[in-house]
Amino acid sequence: MLFDKLFEMPDGSGSGEVVKLAMPRTIHLVPMDTISGFDVRPGFYEINGATAIPGGVNFTVYSHGAYSIELLLFKRRAQEPFAVLPFPQSYRIGNVYSMIVFKLDIEEFEYAYRVDGPYEPEKGLIFDRTKYLLDPYAKAVTGQSRWGDTTPWGQHYKARVVKDDFDWEDTHLPLIPMEDLIIYELHVRGFTKDASSGVLHPGTFAGLREKLPYLKRLGVNAVELMPIFEFDEMQNYREVDGNKLYNYWGYNSVSFFAPNTSYTATTEYNREGNELKNLIQDFHREGIEVFLDVVFNHTAEGNEQGPFFSFKGFDNNIYYLLTPDGKYYNFSGCGNTLNCNHPIVHQMILDCLRYWVTTYRIDGFRFDLASILGRNEDGSPMNKPPLLQAMAFDPILGDVKLIAEAWDAGGLYQVGSFPAWNRWAEWNGRYRDDIRRYLKGDAGMAQAAAQRLVGSRDIYEPQSRKNASVNFITCHDGFTLWDLYSYNEKHNEKNGEHNMDGANDNNSWNCGAEGDTRDPAVNALRRRMVRNAFALLMCSRGIPMFLAGDEFCNTQFGNNNAYCQDNITSWLDWNLLEKNQEIFNFFQHMIRFRMEHRILRTNLSDGVSGFPDISFHGVTPWRQEPYSDHDRYVGVLFAGWERETGPQVIYVASNAYWEELQVELPQLPASMCWELVTDTFEEELLPGRRLSGTGIAIRPRSVMIFVGR
């Protein structure tokens, strides 16, 4: 009975209730051992990582190929351990080592492991008992708590034990339907790092939390955070022309279970994650979901020349895809590729996602280079990848949005064919490319653009892949929306790679002058092109996503691969919000318009007399070949009936031509007339104007939106 009482634990809800961890009664018979002056007993083998329990800490770790494992205990910031505790062989069951260490104060120590095993590189076995290894299930990582830390301590990863006692109170998940989402992609540090953000805690979770009223005012209902897993910003650190270049974006995971501690305003000793939880709690209270951009395709350990701090030392030949001679496959473009469909890695990824959902209440995940998650151990694509299927049907993930970047650096491109089980959405790269080409005036793109506006039905079958298309024109990777219409070419010289990095096929257009200009006509055209792009995005079936700062014409000065720029190149310049207030107002207007008209988001159950759900039109309506009259004009009509609102009829007219066109709108039923609600040719928003007929003149390079009243 005394032992049962010892293992009562807080339930994590903040209610003060306790739960008992189930233990076999035979544990009562296990004698107490002493190792390095600490009382120890066999631990909880099914609880991975380090877990605080009353009276001590439970440490559980596994390795398939190890001979032995040692637990190392460090004082805070110390380089050498104050205690080394080898796991007794009697504390090993199968490949799992578990030990309870009593009388450990979690606030007084950090920990790591040393693992001994065979060294046969040609077989992928590279065990090295001299290396300090980070726990793969570490919930908090020390060594990089200060951004850009170049001290020896700042390059040495160890873990802390986290006390999970955050009180979520009565907050609940927003559970926004997929078709109602408006996703806003942002970088936590860059969003508020510049002084112009006006926050008290720039570059942190707390700083982002301060911007919650702004996001509510804008109208978005989901934020997608670029990587916040603990990552190594010092990877490939260098100085170019006096500028410090970091791995700023964070696509190089160090630990999958730990939030990046350099994104916190204060050091959270053994409460790591609370600042992030406060942010998520407040966002949920305001009806905004929080998605994480997660990187399970590779780690920061790189290839043979890369660092050795965790997975290489536990089971290199299990965690990574290896060639027959023990080298690293590189489908990620970052040196290594995680062996995602190996049962061990598969289970770790599922454990990780469940952890973020249950402990942090995350609403969705965007998977970087997700096609890697469907590769076999030899690198070949799998027909039904076990990991992707497990995610699709996992009970804990049942309400979570799953979004794939459906390609990888190894050439596997699966837009429209990503294994889905009707659960996965995809970043629709075809949408980005086709809409960009259409808007800048490429010939013959009208038909493709029309397909993108109606949900890419030529790519996603509407019934089996409903809400599969995440539509975007810009994201972190590439030009901002302003730069898309300010530069014909990328300008990445400041990255120090001779402008060889970044994509060359940007489908951009500088509107007549490369880069910044004082020409009022060019700038007016650029603003119009921004309005055109956002109007079409908000009037497209699917899930819209746009890049933070596009709503006030943020620029990266032509850099389309600003992954290393921890400066004003990547930071949002909030001064532009005041300068470009009319663009912000337009974004607000279009978001509100989309949310007010469900017909733009989904097929309504009943049609409107004489109109199908969707129809395509040229400058003359109802023509069998609508694009034969003019291949730079797109007319799309959405129609349906909803019990609460009655008929909904919206006509989107888009002219990508550089001259005015005369257009005939479809004839409405006698009881209705067309009302012009948006004209991107105008700098300012205008009140709605009802038409007396169906003939209109659509001015050059503009979008007009009509509603049937």
Side-chain angles (χ1 to χ4, degrees), residues 1-14 16-63 68-78 80-93 96-115 132-142 158-166 255 257-258 268-274 351 355 359:
M1 183 61 66
L2 178 61
F3 196 80
D4 287 338
K5 180 69 174 177
L6 179 63
F7 291 99
E8 291 181 348
M9 296 180 63
D11 70 355
S13 69
E17 297 294 323
V18 296
V19 293
K20 288 188 178 181
L21 297 176
M23 287 291 294
R25 291 201 174 272
T26 54
I27 195 71
H28 293 232
L29 305 178
V30 177
M32 186 88 75
D33 296 316
T34 301
I35 301 177
S36 298
F38 288 93
D39 292 335
V40 299
R41 274 181 171 160
F44 300 100
Y45 290 85
E46 295 182 352
I47 303 177
N48 291 308
T51 307
I53 61 175
V57 178
N58 179 80
F59 296 92
T60 300
V61 66
Y62 56 75
S63 173
S68 62
I69 298 181
E70 295 174 320
L71 170 66
L72 312 179
L73 302 179
F74 301 79
K75 297 294 184 182
R76 280 187 193 168
R77 300 176 67 93
E80 299 300 326
F82 70 83
V84 177
L85 286 71
F87 284 83
Q89 285 300 312
S90 60
Y91 285 28
R92 170 179 176 172
I93 295 179
V96 180
Y97 300 73
S98 189
M99 177 167 57
I100 298 167
V101 182
F102 293 96
K103 297 181 181 178
L104 269 181
D105 184 345
I106 66 170
E107 297 187 10
E108 296 299 325
F109 77 93
E110 298 166 355
Y111 75 97
Y113 293 104
R114 282 197 303 232
V115 180
Y132 295 169
L133 300 181
L134 178 66
D135 183 356
Y137 278 76
K139 305 305 189 297
V141 178
T142 70
K158 298 186 289 294
R160 288 200 191 104
V161 180
V162 173
K163 186 175 180 60
D164 180 20
D165 57 359
F166 186 81
S255 177
F257 292 80
E268 300 178 301
Y269 286 120
N270 309 104
R271 296 292 192 282
E272 281 83 0
N274 278 6
D351 288 345
Y355 175 75
T359 305

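We number each residue from 1, following the sequence as shown.
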[X] side chain vs [Y] backbone, donor-acceptor pair below 3.5 Å:
X	Y	answer
Glu268	Gly273	yes
Glu108	Ile106	no
Arg160	Arg76	no
Asn58	Ile100	no
Ser36	Val84	yes
Lys158	Leu72	no
Ser255	Ala140	no

Rounded at 0.5 Å granularity, tell me how far [atom1] in [X] sits from [atom2] in [Y].
X	Y	atom1	atom2	result
Lys139	Asp164	NZ	CG	10.0 Å
Ile69	Gln89	CD1	CD	9.5 Å
Leu71	Tyr91	CG	OH	12.5 Å
Ser98	Phe87	OG	CZ	7.0 Å
Phe102	Asp33	CZ	CG	10.5 Å

If you compare all heavy atoms of [X] against all heavy atoms of [Y], which two are closest, and at what distance to 0.1 Å?
X	Y	result
Ser90	Tyr45	O-OH, 4.3 Å
Pro86	Ile35	O-CD1, 3.5 Å
Pro136	Phe257	O-CD1, 3.4 Å

Is any side-chain heavy atom of [Y] closer than 4.5 Å to one of [X]?
X	Y	answer
Leu85	Phe59	no
Val161	Phe109	yes
Glu107	Tyr269	no
Met99	Pro88	yes
Thr34	Asp39	yes

Exercise. For the residue pair Phe38 and Phe82, does the interplanar ring angle fall in the parallel (under 30°), tilted (30 to 60°) or perpendicular (over 60°) class?
Worked result: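 Judged by the thresholds at 30° and 60°, the geometry between Phe38 and Phe82 is tilted.
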* Please state whether the rings of Tyr113 and Tyr111 are parallel, tilted or perpendicular, taking 30° and 60° as the class boundaries. =>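 Perpendicular.
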Below 6.0 angstrom between ring centroids: does that apply to Tyr132 and Phe74? yes
Subject >> Pairing residues for Arg271 by the salt bridge (charged side-chain N to carboxylate O under 4.0 Å, His left out) criterion, not counting sequence neighbours >> reply: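 With neighbours one apart ignored, the set is Asp165.
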**Prompt:** With distance as the sole criterion, is a donor-acceptor pair present between the side chains of Tyr97 and Glu70 under 3.5 Å?
**Reply:**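 No - no donor-acceptor pair under 3.5 Å links their side chains.
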Between Tyr137 and the options Ile47, Val61, Asn48, Thr51, the side chain to side chain contact (heavy atoms under 4.5 Å, CB included) test singles out Asn48
Test side chain to side chain contact (heavy atoms under 4.5 Å, CB included) applied to Leu73 and Leu104, step by step = CA-CA 10 Å; Leu73 302 179; Leu104 269 181; 4.0 Å; yes
